[in-house]
Amino acid sequence: MSLRAPKGTDDLLPPESRRWRTLLRSWDVLTELYGYELVATPVFESTELFARGVGETTEVVEKQMYNFLDKAGRRLTLRPEITAGVVRAYIQAGRWGEFKGAYSGPAFRYERPQEGRRRQFWQLGVEYMGAPDAEADLEVIEIGYRFLLECGLGDVVVHINSIGDPSDRAAYHRLLADWLEERMDLLSADARRRVRSNPLRVLDSKADREATAEAPGPIDHLGESAAAHHEQLIEGLTERGIAYEPDPRLVRGLDYYNRTVFEYIPPSYGAAQNAVGGGGRYDGLARILGGPDVPGVGLSLGLDRILTAAGTGPPARAMDAFLVVADQERRSMAHAFARRLRLAGIRCDLVTGRRSVKAQFKAANRRDAAVAVVIGREWDEGLVTVKDLSSGDERCMPAGEVAGWLVGNGGGVR
RNA sequence: GUGACCGUAGCUCAGCUUGGUUAGAGCGCCUGGUUGUGGUCCAGGAGGUCGGGGGUUCGAAUCCCCUCGGUCACCCCA
């Protein structure tokens, strides 16, 4: 074996890549329908952005980042998540009002790969800046939920919790830390280390699940305004028909969250890494990054996980028509005909170079075309022969009618 | 970072326990049967440092050690 893709990275090839195309397209359409405009930020940012934004004591920043120095000695990092970069761009642009952005792209974390956890993975997400109300949380949750339904994950459940505001949290942190300290001997080494630095994270650890089963949850120590926000959120979920489940242990690993946190879990997906997406409110993030005091709420989805959770159905058809050139002197006619079909939205192709009719039919079959269109002597009467490659049925028709006929039979790109 | 399992043809795998003549199968690929018909069928063909290195042995895909890679789980998260 010579050169391979780096550990924990995947090549995306057909036919699997067809499903990606379909989902990426529907993501674009869905977010546009909700008024989210495209936003794209660099795949690398200054290391400081993530250290400050995501949090120094988080697992992600402590040991999962791809850090490097550029030739001028700048400290840079391949983005381990995308929210921090989008909020940075929002601040930098200086248009500090309401802003709704949607993104799609790779993120990177240095971890041991396993199912649903790759070193390069694809995130889809939205960020809604400048909207403090629970209605904004609901909209964001709804977008993710609806997208997952479109992906075929009809049974997905939104796990939801509130971790309160920073002001509520100081008191709660002390309470939780004290509670944990009384049970230090029951905790894992990792948990013990975090009792004072980041006690919330202990709740989320599988190793400490038993020891912390009776621990006080953040949801029971919300301030008045955060509690009202959460109540409104739960009501809205019911109204919108979104399947949800209160999850008092859900805290999430990024420090910028406050109030609402959520994850999308498809119960039928048995892998250890079973959250196909998640997000929450981050009202303090813009300020931490040196910007204005603007609230925000966002969501990110793991496309790789969504696709494995949805299972491998039969791949979508990628080609409507494959042109077979029977007489070589008609090659340029065939190319012109292909251009016409493509203008009409028909996905078509033909081989380059002189190949036998047999070889061209083989190519048509390999490319998974719905029909082969023979360009031969009948062209002189303005006709082509169209062969359905699954049934084998052949019919002659005027060349000008082919595109319409294919669209009528479910072909073409929408 | 820790642990378990697995590396033989492009892909999926057999062979390894009990070391021994040219390392096999299915799928895929190429050619022909059919110079205007694919897929199906038939015949033929190409393709392998047995992950890599070292050791034991007259002899290693097979036994031992190291190493690299893959998978899953812990940890953590999308």
Side-chain angles (χ1 to χ4, degrees), chain A residues 1-10 13 54 58-64 79-83 104-125 144 148 188-191 193-194 198 201-202 204-209 250-254 261-265 269-279 298-309 322 324-328 330 354-369 371-379 384-394 396:
Chain A
M1 217 56 60
S2 45
L3 287 173
R4 302 182 52 92
K7 190 181 180 81
T9 65
D10 299 299
L13 297 166
V54 174
T58 60
E59 197 83 1
V60 169
V61 171
E62 273 181 354
K63 42 192 203 190
Q64 298 179 350
R79 61 185 183 192
E81 58 96 54
I82 301 182
T83 300
S104 160
F108 309 84
R109 289 183 201 169
Y110 187 88
E111 303 176 87
R112 283 281 285 271
Q114 70 186 71
E115 175 157 9
R117 192 171 75 184
R118 319 261 64 203
R119 289 184 171 181
Q120 175 173 338
F121 55 101
W122 197 274
Q123 284 203 330
L124 307 172
L148 292 168
S188 65
D190 268 347
R193 200 165 44 78
R194 279 200 236 270
N198 204 341
R201 303 249 17 91
V202 178
D204 200 26
S205 153
K206 283 184 195 172
D208 299 292
R209 190 149 285 175
L250 178 60
V251 298
R252 298 182 61 72
L254 312 180
V261 291
F262 59 91
E263 284 183 356
Y264 299 97
I265 317 265
Y269 183 38
Q273 317 297 327
N274 64 344
V276 294
L299 129 82
S300 66
L301 298 163
L303 186 54
D304 320 66
R305 282 188 193 175
I306 289 171
L307 280 159
T308 39
F322 201 89
V324 172
V325 186
D327 306 314
Q328 290 305 325
R330 286 183 234 269
R354 299 164 163 269
R355 306 282 307 278
S356 69
V357 168
K358 182 192 180 100
Q360 294 183 71
F361 264 91
K362 276 190 176 188
N365 203 62
R366 234 194 329 263
R367 295 287 293 279
D368 192 37
V371 303
V373 177
V374 181
I375 316 269
R377 52 182 105 76
E378 60 273 52
W379 182 264
V384 292
T385 300
V386 176
K387 178 170 187 171
D388 182 314
L389 286 172
S390 47
S391 69
D393 296 342
E394 257 181 55
C396 218

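Scope of the values below: all heavy atoms of this structure, side chains included, with no hydrogens, waters or symmetry mates. Protein chains get the first letters and strands the later ones, always in sequence-line order, with residue 1 at the start of each. Not measured: the values here are computed from a predicted model.
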Legend entry - Any residue meeting side-chain contact (heavy atoms from CB on, under 4.5 Å) with A:Val357, in chain and number order, not counting sequence neighbours: A:Val324, A:Ala326, A:Phe361
Legend entry - Charged N-O contact under 4.0 Å between A:Asp10 and A:Arg118: yes
Inset, instruction - Would you kindly compare A:Gly302 and A:Gly8 by the position of their nearest RNA chain B nucleotide and give the one closer to the 5′ end? - result: A:Gly8
Legend entry - Residue whose nearest RNA chain B nucleotide is more 5′ - A:Gly279 or A:Arg377: A:Arg377
Inset, instruction - Select base, sugar-phosphate, or nothing to describe what A:Val374 touches, counting heavy atoms under 4.0 Å on all strands. - result: base
Legend entry - Watson-Crick or G-U wobble partner of B:rG45, both distances under 3.5 Å: B:rC29
Report, one pair per line, the protein and nucleotides 28-34 of chain B atoms (nitrogen or oxygen only) whose separation is under 3.5 Å.
unit_1: B:rC30; atom_1: OP1; unit_2: A:Arg366; atom_2: NH1; d: 3.3

Legend entry - A:Arg119 charged N/C atom sitting above A:Tyr110 aromatic ring, 6.0 Å / 45°: yes
Inset, instruction - Answer yes or no: does a side-chain N or O of A:Gln114 lie under 4.0 Å from OP1 or OP2 of B:rC74? - result: yes
Inset, instruction - Give a yes/no on whether any side-chain N or O of A:Lys7 is located under 4.0 angstrom from OP1 or OP2 of B:rG70. - result: yes
Inset, instruction - Check whether the aromatic ring of A:Phe121 stacks on the base of B:rA78, taking stacking as ring centres less than 5.5 Å apart and planes within 30° of each other. - result: yes
Inset, instruction - Would you kindly check whether a donor in the side chain of A:Gln360 faces an acceptor in the base of B:rU37, or vice versa, at under 3.5 angstrom? - result: no
